[in-house]
Amino acid sequence: MTYETIIVEIEEGIATVTLNRPDVLNALNSQVFNELADVAVNLGEDDSVRAVIITGGDKVFAAGADIKAMASLTAVDVAASVRPSLRAFNLLENMHKPVIAAIAGYALGGGCELTLTADVRIAADNAQFGLPEIKLGILPGGGGTQRLPRLIGAGKAKELIFSGDFISAEEALRVGLVNKVVPADQLLTEAKKMAKKFAARGAVAIYLAKSCVNEGLRMDLEMGLQYEHKCFGLLFATEDQKEGMKAFIEKRKPNFQGK
Ligand code: CAA
């Protein structure tokens with residue numbers, strides 16, 4: 001997989017996708033969004049890939065959508081287009097495998113919104129998060145007004161959206177925006193460690209568990225519980241369920257095949 005604005009490396013079942021526009025702090029333009037959408041489809045179809053890490057490297061995650069590319073857009077341009085960002089973010093959020101965002105430096109605007117599509121966020125201690133769109137006279141248009149309140153609650157989300165203020169990695173941890181904070185030089189090591197743990201689990205069970213959480217957030221509790229029950233039952237048709245329970249009884253580690 002060769003792209004111009006992202007780098008994709010696959011090692012031992014873990015795909016690492018690195019945003020690669022360093023001159024503009026990894027600002028996200030249409031090409032980045034299209035390449036992210038493409039990579040989400042390709043990695044999704046690659047059975048050898050068991051977990052995905054999205055990162056911007058050790059200096060910056062992404063400083064948001066590309067403001068220079070957006071500045072001259074009209075309302076009609078925006079309203080009439082199928083927004084590449086929405087397509088990319090939906091494809092990433094709905095990947096059938098675990099996705100970890102490994103975030104160093106700024107994760108702002110669309111960059112912060114990109115992290116919200118991941119299942120888990122690991123922040124370097126130098127990370128800063130914010131939705132500064134309000135300072136540009138717009139609002140977060142990459143899912144920030146929807147995914148952020150679902151993650152951290154409406155009150156804190158509104159404070160971030162209305163103020164445009166940045167918060168530190170520690171504050172992001174405190175409000176539940178990230179799962180853990182690690183020293184900057186340990187970021188990728190920690191993300192890979194977590195990715196390997198996920199990759200060793202049953203891939204179908206991970207996919208259905210992810211689906212239960214994601215779909216469940218769109219349902220009322222009763223519907224969500226019914227959906228969970230169906231997915232739970234479905235897993236009893238997998239070889240991984242037989243292997244997982246047999247391994248427990250035989251007091252050994254399971255060897256999951258993802259089927
Ligand atoms: N779009 C385009 N270019 C950007 C950019 C962005 N979002 N963020 C930074 N850059 C560019 C700068 O223009 C600059 O380029 P030049 O060297 O050619 O001037 C280069 O990256 C380095 O940036 P700075 O010189 O500004 O670096 P800094 O360290 O002084 O400041 C910063 C860093 C605080 C992140 C500052 O760059 C900044 O505020 N960036 C914009 C953040 C922002 O408003 N993001 C939201 C964008 S809108 C959005 O995302 C919409 C949406 O909902 C999808």
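Each ligand, and each atom within it, is numbered from 1 in the order the structure gives.
Annotation: K59, atom NZ; neighbour count of heavy atoms from other residues, nucleotides and ligands within 6.0 Å does not exceed 12.
Closer than 4.0 angstrom to ligand 1 sit non-hydrogen atoms from D23, V24, L25, A27, A63, G64, A65, D66, I67, K68, M70, Y106, L108, G109, G110, E113, P132, E133, L136, P140, G141, G142.
In the hydrophobic clustering of this structure, M245 groups with F232; members are Ile, Leu, Val, Met, Phe, Trp, Tyr whose side-chain heavy atoms approach within less than 4.5 Å, directly or through other members.
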Throw together a table of side-chain donor-acceptor distances under 3.5 angstrom for residues 218-225, partners on residues two or more places apart or in other chains.
unit_1: R218; atom_1: NH1; unit_2: E215; atom_2: OE1; d: 3.3
unit_1: R218; atom_1: NH1; unit_2: E215; atom_2: OE2; d: 3.0
unit_1: D220; atom_1: OD1; unit_2: E222; atom_2: N; d: 3.3
unit_1: D220; atom_1: OD1; unit_2: M223; atom_2: N; d: 2.9
unit_1: E222; atom_1: OE2; unit_2: Q226; atom_2: NE2; d: 3.4

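Of the possible polar contacts, one joining the E243 side chain to the N255 backbone as a donor-acceptor pair under 3.5 Å is found. Checking side-chain atoms of K192 against main-chain N and O of T16 turns up no donor-acceptor pair under 3.5 Å.
By the 30° and 60° cut-offs, the orientation of the rings of Y207 relative to H96 is parallel.
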